A.B. asks: 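One structure is given below, represented as structure tokens, and several questions about it will come after.
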Protein chains: 4
Amino acid sequence: MARVKTEEKRRAILEAAAAVFAKRGYHATTVGQIAKHLDMGLGTFYRYFQSKLDVFHAVIEEVMGEVTLVLASESPTASTSLSEYRTQVERIARALFAAFQKNRSLARLLFVEAPGISVELNEKLQAAVTFFGSSTQAYLDNGVARGFLRPALDTELTALAINSMIFEGVRHVAAAGEATEVLERWIAASTGLMFEGISIRP
Amino acid sequence: MARVKTEEKRRAILEAAAAVFAKRGYHATTVGQIAKHLDMGLGTFYRYFQSKLDVFHAVIEEVMGEVTLVLASESPTASTSLSEYRTQVERIARALFAAFQKNRSLARLLFVEAPGISVELNEKLQAAVTFFGSSTQAYLDNGVARGFLRPALDTELTALAINSMIFEGVRHVAAAGEATEVLERWIAASTGLMFEGISIRP
Amino acid sequence: MARVKTEEKRRAILEAAAAVFAKRGYHATTVGQIAKHLDMGLGTFYRYFQSKLDVFHAVIEEVMGEVTLVLASESPTASTSLSEYRTQVERIARALFAAFQKNRSLARLLFVEAPGISVELNEKLQAAVTFFGSSTQAYLDNGVARGFLRPALDTELTALAINSMIFEGVRHVAAAGEATEVLERWIAASTGLMFEGISIRP
Amino acid sequence: MARVKTEEKRRAILEAAAAVFAKRGYHATTVGQIAKHLDMGLGTFYRYFQSKLDVFHAVIEEVMGEVTLVLASESPTASTSLSEYRTQVERIARALFAAFQKNRSLARLLFVEAPGISVELNEKLQAAVTFFGSSTQAYLDNGVARGFLRPALDTELTALAINSMIFEGVRHVAAAGEATEVLERWIAASTGLMFEGISIRP
DNA sequence: GATGAATGAGTTTTCATTCAT
DNA sequence: TATGAATGAAAACTCATTCAT
């Protein structure tokens with residue numbers, strides 16, 4: 001039971017920290033502000049997290065976990081045709097947007113704050129980007145193998161380029177406030193670019 | 001003569017600052033480190049820049065200036081055919097890579113550190129991103145008007161998506177050390193994606 | 001209980017600050033010296049006062065409060081005869097001397113340091129001087145109205161002149177160390193001057 | 001000739017320093033400001049004065065010198081009657097007011113800034129006050145000896161009380177801007193107080 | 001477990017003074 | 001003699017972290 005209570009409190013602190021970090025940024029946030037956000041003693045914070053950096057790591061991991069969850073819910077080899085894959089991509093994109101839509105500032109935290117905080121964090125971020133890259137690459141490889149994507153595709157780097165578009169989309173839409181319309185336009189534009197390119201078809 | 005010397009010293013401090021900022025990040029950098037990097041008294045720094053933030057602004061503006069220079073050297077309406085435009089895009093990409101190749105960490109500074117430092121700086125960055133966006137959009141509009149790009153193109157958002165790919169490329173190649181080979185692969189992959197998309201042509 | 005302890009500590013810092021300020025002057029005093037005076041960490045000071053200027057304001061207000069208290073305990077219209085008024089003046093003078101006797105250097109702080117520190121403080125001081133002036137003027141007006149003071153008296157400026165004598169007396173006696181004798185002489189001299197003037201009576 | 005030029009320059013710096021000190025106060029004044037006031041190199045200052053404190057001492061001595069000059073132009077034993085002495089006192093008061101009227105802020109410098117700067121300066125000021133005291137006392141002793149002042153006068157402390165009135169008058173009139181009227185009222189009020197006291201004559 | 005007072009290392013910034021030109 | 005670039009000591013202030021209650 002104490003276990004449960006402890007876990008709950010840790011979770012509460014984590015969420016308060018995420019909120020304050022998202023609002024003020026890592027450096028401008030003080031541990032005192034996080035504590036006050038919960039009407040909690042300053043010292044209590046240190047019973048649940050070792051340091052300010054520690055809770056920031058936890059927040060970032062939480063966010064990365066959600067992204068991972070989205071990716072894990074889809075299979076890279078599920079699609080057998082172009083249209084299936086396109087549908088799958090749109091589904092993934094929407095899920096990612098939704099994850100960040102909950103708290104738009106989290107995107108800023110993840111993409112803007114985090115890499116500048118510590119080498120360790122930056123490496124973790126880079127690892128995640130690489131992981132997302134190989135994940136996307138697996139989808140592309142599947143498409144090439146099944147013959148519905150171009151055979152000459154440099155799947156490794158193309159995967160990175162696609163991911164950058166997706167994450168930029170998250171950033172952009174997150175910045176655009178109430179954004180359902182922008183979201184739809186972004187998905188249309190980026191999947192259009194991704195699947196057909198910009199040049200006119202012969 | 002004093003004028004010249006002063007300008008030289010200011011430049012030297014600017015470059016030292018850029019180096020240290022790039023290496024350690026804004027917050028982890030102390031003015032003392034910048035001074036020590038030049039074997040210079042701490043107070044001397046303050047003869048040339050008003051504050052740590054001041055020199056950081058100057059560094060960022062310097063970098064943005066170089067990017068602007070690259071874009072300004074090309075005309076959005078110069079290309080009259082698909083192949084001309086594709087050549088132009090590759091030329092711009094190479095020039096951008098070269099600009100950041102001088103000091104690879106500058107990309108990190110610009111894209112990762114800067115937005116989190118001050119509201120003013122963030123706005124400046126956002127303005128630049130928007131500007132680069134409209135610039136790219138002008139190229140796309142030209143292509144649509146001349147009939148060599150898809151007529152249905154959402155040129156505004158597609159421009160942002162393309163830019164995100166390009167800047168991610170800069171980041172990626174910059175991170176890859178000695179990188180001529182990676183650069184060529186990136187350019188091939190991203191222009192391939194950009195012009196033809198990933199799907200097999202009917 | 002914490003409330004009480006907090007108030008006590010604040011008071012202790014206030015008194016330590018008064019002592020150091022009185023001894024070394026505002027500018028020559030460092031917050032570190034105040035802290036060391038109490039064998040206290042530097043940061044602790046900033047838990048109780050916002051800044052060095054803040055604690056100085058508090059010290060000055062404390063001193064001005066004591067003076068105001070002395071004046072408030074007497075009524076300008078109480079005296080109905082010359083001898084009553086003379087007794088009242090001596091009583092006020094003694095009370096003022098006593099107030100500053102506790103810590104002699106406070107007079108220096110109030111009259112010498114304070115006006116040069118900040119515009120705000122100077123205005124507060126000027127307001128106090130003006131207030132003490134009108135207070136004294138009320139006593140003089142009472143005496144004129146009751147017919148025991150000279151009818152032609154310029155009560156406004158004469159009040160200021162009298163006050164300057166009194167405060168100079170405070171300063172002088174404060175500077176004279178163990179001073180009962182000097183105090184008595186000063187009171188005799190200044191009330192003699194005040195009531196009879198220096199010229200021989202016809 | 002060089003001698004003369006040197007003396008002139010020193011004088012110019014002295015006056016510039018007085019002006020800036022008077023305007024901004026000792027601590028807020030920087031040596032650079034004094035130099036700029038003369039369109040002069042910063043280093044040049046140090047060819048004429050050893051330090052910032054050095055020039056401040058010189059400025060204060062200059063002001064005290066003027067006061068001394070006023071006192072020296074009168075003789076404590078010159079007056080042989082009450083009316084002669086009263087005329088003499090008014091003459092001295094006017095001369096003192098005139099000396100400070102040239103630059104009103106000098107009064108603030110002398111009475112407010114100076115005592116807080118250094119122990120040495122404070123002692124010099126105290127010595128001056130004592131000196132002015134004995135000077136005034138000599139006048140009073142003369143009056144008592146010649147029989148036109150009260151024989152019981154405590155001439156030492158009465159002298160200090162009178163001086164405090166006079167200097168407070170300088171301060172007050174100096175603070176009152178264009179002040180001929182205030183000056184006349186002050187002289188009337190303070191000499192009235194000084195010679196006749198406030199009580200009605202029997 | 002909870003608290004919050006105490007701490008002091010670490011940073012930015014100023015400016016009197018020096019000294020090479 | 002004049003200059004002003006260079007210097008670094010000194011001071012205010014912040015805040016993550018500790019620990020006694």
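Quick note on labels: first sequence line is chain A, next is B, and so on, each numbered from 1. Computed from a predicted model, the values in this text were never measured in an experiment.
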A.B. asks: Which of parallel (below 30°), tilted (30 to 60°) and perpendicular (above 60°) describes A:Phe56 and A:Phe21?
C.D. replies: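 Taking A:Phe21 first and then A:Phe56, their aromatic rings stand perpendicular (interplane angle over 60°).
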A.B. asks: Can you tell which of E:dG4, E:dA16, E:dG1 lies closest to the side chain of A:Tyr48?
C.D. replies: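 Out of E:dG4, E:dA16, E:dG1, the nucleotide with an atom closest to A:Tyr48's side chain is E:dG1.
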A.B. asks: Which of these nucleotides, E:dT3, E:dA5, F:dC15, is closest to any side-chain atom of A:Thr30?
C.D. replies: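 It is F:dC15.
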A.B. asks: Would you tell me if any nitrogen or oxygen in the side chain of A:Thr44 comes within less than 4.0 Å of OP1 or OP2 on E:dT3?
C.D. replies: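 Yes.
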A.B. asks: Check whether any side-chain N or O of A:Lys5 sits under 4.0 Å from OP1 or OP2 of E:dG1, and answer yes or no.
C.D. replies: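 The answer is no; no side-chain N or O of A:Lys5 sits under 4.0 Å from OP1 or OP2.
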A.B. asks: On DNA chain F, does the nearest nucleotide to C:Thr29 precede the nearest nucleotide to A:Thr29 from the 5' side, or the other way round? Give the residue.
C.D. replies: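 Whichever sits nearer the 5' end wins; that is C:Thr29.
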A.B. asks: Any idea which of F:dA9, F:dA2, F:dT17 is nearest the A:Ser51 side chain?
C.D. replies: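 Nearest to the side-chain atoms of A:Ser51, counting from C-beta on, is F:dT17.
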A.B. asks: For DNA chain E, whose closest nucleotide is more 5', that of A:Asp39 or that of B:Phe45?
C.D. replies: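 Looking at DNA chain E, the more 5' nearest nucleotide goes with A:Asp39.
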A.B. asks: The side chain of D:Leu42 is closest to which nucleotide in this list: E:dT7, E:dT17, E:dG8?
C.D. replies: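 That would be E:dT17.
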A.B. asks: Within the 4.5 Å heavy-atom criterion, are D:Ile60 and D:Leu125 side-chain neighbours or not?
C.D. replies: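 D:Ile60 reaches D:Leu125 side chain to side chain.
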A.B. asks: Does a side-chain heavy-atom distance below 4.5 Å link C:Met40 with C:Lys9?
C.D. replies: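 Side-chain contact under 4.5 Å: yes.
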A.B. asks: Can you tell me the base-pairing partner of E:dA5? Count Watson-Crick or G-U wobble geometry only, both distances below 3.5 Å, and say none if there is no partner.
C.D. replies: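 Matched E:dA5 with F:dT18 under the 3.5 Å cut-off.
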A.B. asks: Does the distance from a Lys or Arg side-chain N to an Asp or Glu carboxylate O, for D:Glu7 and D:Arg11, drop under 4.0 Å?
C.D. replies: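 Here D:Glu7 does not pair with D:Arg11 in a salt bridge, since their nearest N and O are not under 4.0 Å apart.
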A.B. asks: Indicate whether OP1 or OP2 belonging to F:dT17 is found under 4.0 Å from a side-chain N or O atom of A:Tyr46.
C.D. replies: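 So the side chain of A:Tyr46 is within the cut-off, an N or O lying under 4.0 Å from OP1 or OP2 of F:dT17.
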